[in-house]
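These numbers were taken from a predicted model, which means no experiment stands behind them.
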Amino acid sequence: MERSRKGWAALLAGVFVVVFSGLAWMLMQRGMDASSVQPRATGYRVPINSATRGQLRALPGIGRVNAGYVVTHRDRHGPFVDAESLTAVRMIGVKTAAAVEPWVVFD
């Protein structure tokens, strides 16, 4: 009888892990959809050529690693002139550049 309880407990724990892992994955995917993000109503925009890594991380589709790539590229190659110039940064493609464009100012 004791063995049967342990088996059911292990099965239940496994199901619990699978279900909540799936839910967590779905929530993360939903949060990463940069195309659905719209600029804030306040009109605040990030100055891409002087922004810190922390400010860059707030942009849709830009995480910790990509923020570092943006800063490194900016330091080595000079300022960005438009959204298309962001595609020269490693790991930033056309979709990410388009999602970021409403949020940034190219000064």
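- Nearest heavy-atom pair, A97 versus A83, reported as atom, atom and distance to 0.1 Å: CB-O, 3.4 Å.
- Among residues two or more places apart in sequence or in another chain, the side chain to side chain contact (heavy atoms under 4.5 Å, CB included) test is passed with D82 by E84, S85.
- Between R74 and S50, the shortest heavy-atom distance links the atoms NH1-N, 3.7 Å.
- Note on V100: it clusters hydrophobically with M91, by side-chain heavy-atom contacts below 4.5 Å among ILVMFWY residues.
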- Message: Set out, in order, the CA-CA distance, both residues' side-chain angles and the distance that settles side-chain contact (heavy atoms from CB on, under 4.5 Å) for I48 and L86, then state yes or no.
- Response: CA-CA 10 Å; I48 194 80; L86 284 172; 4.2 Å; yes
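- The side chain to side chain contact (heavy atoms under 4.5 Å, CB included) search around A98 returns none, not counting sequence neighbours.
- T87 OG1 to K95 NZ: the interatomic distance, rounded to the nearest 0.5 Å, is 14.5 Å.
- The hydrophobic clustering, which links ILVMFWY residues whose side-chain heavy atoms are closer than 4.5 Å, places V105 and V81 apart.
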- Task: Evaluate the side-chain contact (heavy atoms from CB on, under 4.5 Å) criterion for residues L59 and V104: first the C-alpha distance (whole Å), next the side-chain angles of each, then the deciding distance (0.1 Å), finally the verdict.
- Result: CA-CA 8 Å; L59 296 171; V104 297; 3.8 Å; yes
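- Among residues two or more places apart in sequence or in another chain, the side chain to side chain donor-acceptor pair (under 3.5 Å) test is passed with D107 by N49.
- Between A67 and R53, the shortest heavy-atom distance links the atoms CB-O, 3.7 Å.
- The shortest heavy-atom contact between F80 and F106 is O-CD2, 3.8 Å.
- When all heavy atoms of A51 and V46 are compared, the closest pair comes out as CB-CG1, 3.4 Å.
- Note on V94: it does not cluster hydrophobically with V89, by side-chain heavy-atom contacts below 4.5 Å among ILVMFWY residues.
- In this structure, CD1 on I62 lies 13.5 Å from CZ on R64, to the nearest 0.5 angstrom.
- Judged as a side chain to side chain donor-acceptor pair (under 3.5 Å), and not counting sequence neighbours, the contacts of R90 are Y69.
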